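Positions are given from 1 along the sequence. Whatever order the structure lists ligands and atoms in, that order sets their numbers, starting from 1. All figures in this text were calculated on a predicted structure; none of them were measured in a lab. Basis for what follows: all heavy atoms, side chains included, without hydrogens, waters or symmetry-related copies.
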Amino acid sequence: MKLENVVPFGRSMHEYEKMFLLSDEDINKKIIGVGDGPASFNAEMFAQGKSVISVDPLYVFRAEEIEKRFYSVVDNIIAQVKSTPNDWIWSYHKSPEHLKENRLNVLRRFVADYENGKNQGRYVVGELPTLEFDDSQYQLALCSHFLFLYSDHFTYEFHRTSV
Ligand SMILES: C[S@@+](CC[C@H](N)C(=O)[O-])C[C@H]1O[C@@H](n2cnc3c(N)ncnc32)[C@H](O)[C@@H]1O
């Protein structure tokens with residue numbers, strides 16, 4: 001993985017809860033987050049005493065490198081969003097500025113947790129289509145904004161094997 005090809009935009013626990021309709025029961029399961037990248041889901045769940053392991057090839061990089069990459073792309077991405085207003089629905093984020101603010105807060109939360117989480121084995125380097133875990137090692141697998149989002153880059157066979 002090359003950092004210059006990555007847009008390290010991550011989502012919050014609240015966004016994960018809304019996207020996956022996570023129930024109280026789900027939240028208390030042993031969870032694996034595949035392709036969690038710089039999301040703050042793991043950090044926020046850990047702070048609440050929940051169990052999440054995040055797996056992503058991005059985790060070969062140090063926090064400062066991921067952070068640096070975020071700051072080098074964020075304004076350009078927000079400008080692209082602003083230039084395509086009809087492509088977006090502003091019911092969750094109210095504006096491009098609000099989106100930027102949330103992504104920044106998420107990154108800060110992730111970065112603050114990352115080194116500690118790596119040492120605790122909560123951020124693990126790995127990549128689909130094959131992960132080094134046992135069958136049924138986790139009770140719930142989540143994959144946010146990776147599978148089916150990059151269908152132009154990854155084949156049907158890649159998706160099938162990953163699932
Ligand atoms: C758009 S980001 C989503 C991050 C996070 N899941 C979220 O929703 O905020 C896509 C993530 O997929 C990761 N990724 C790229 N190739 C991958 C692979 N082969 N297996 C697992 N994750 C991968 C990237 O590093 C990146 O962190």
**OP:** Check for a donor-acceptor pair, side chain of Asp87 on one end and backbone N or O of Val81 on the other, with a separation under 3.5 Å.
**Re:** no

**OP:** Could you list which atoms of ligand 1 come closer than 4.0 Å to a heavy atom of Glu127?
**Re:** 18 (C), 19 (N), 20 (N)

**OP:** Identify, by atom number and element, the atoms of ligand 1 in contact range of Gly37, meaning under 4.0 Å from any of its heavy atoms.
**Re:** 27 (O)

**OP:** Would you check the N or O atoms of Gly35, main chain and side chain alike, for any that come under 3.5 Å of an N or O of ligand 1?
**Re:** yes

Original post:
Can Asn116 and Tyr123 be counted as having a side-chain donor-acceptor contact under 3.5 angstrom?
Top reply: no

Original post:
Sub-3.5 Å donor-acceptor pair from the side chain of Arg69 to the main-chain atoms of Leu3, do we have one?
Top reply: yes

Original post:
Which residue supplies the protein heavy atom nearest to atom 12 (O) of ligand 1, what is that atom called, and how far is it?
Top reply: Phe146 CD1, 3.5 Å

**OP:** Considering only non-hydrogen protein atoms, determine which one is nearest to atom 26 (C) of ligand 1 and report residue, atom name and distance to 0.1 Å.
**Re:** Asp56 OD2, 3.5 Å

Subject >> For atom 7 (C) of ligand 1, closest protein heavy-atom neighbour >> reply: Arg11 NH1, 3.2 Å

Original post:
What atoms in ligand 1 come closer than 4.0 Å to a heavy atom of Tyr150?
Top reply: 1 (C)

**OP:** Under 4.0 Å from a heavy atom of Ala39: give me the atoms of ligand 1 that qualify, with their elements.
**Re:** 9 (O)

Subject >> Any donor-acceptor N or O pair under 3.5 Å, side chains Tyr92, His14 >> reply: yes

Original post:
Taking distance alone, with no angle check, do Leu128 and ligand 1 share an N/O pair under 3.5 Å?
Top reply: yes

Original post:
Under the 3.5 angstrom rule, does the side chain of Lys100 hit a backbone N or O of Ser95 as a donor-acceptor pair?
Top reply: no

Subject >> Contact with ligand 1 for Asp36, non-hydrogen, under 4.0 angstrom >> reply: yes

Original post:
Closest non-hydrogen protein atom to atom 23 (C) of ligand 1, residue and atom name please, with distance?
Top reply: Pro57 CD, 3.5 Å

**OP:** Identify the protein heavy atom lying closest to atom 3 (C) of ligand 1, giving its residue, its atom name and the separation to 0.1 Å.
**Re:** Ser144 O, 3.5 Å

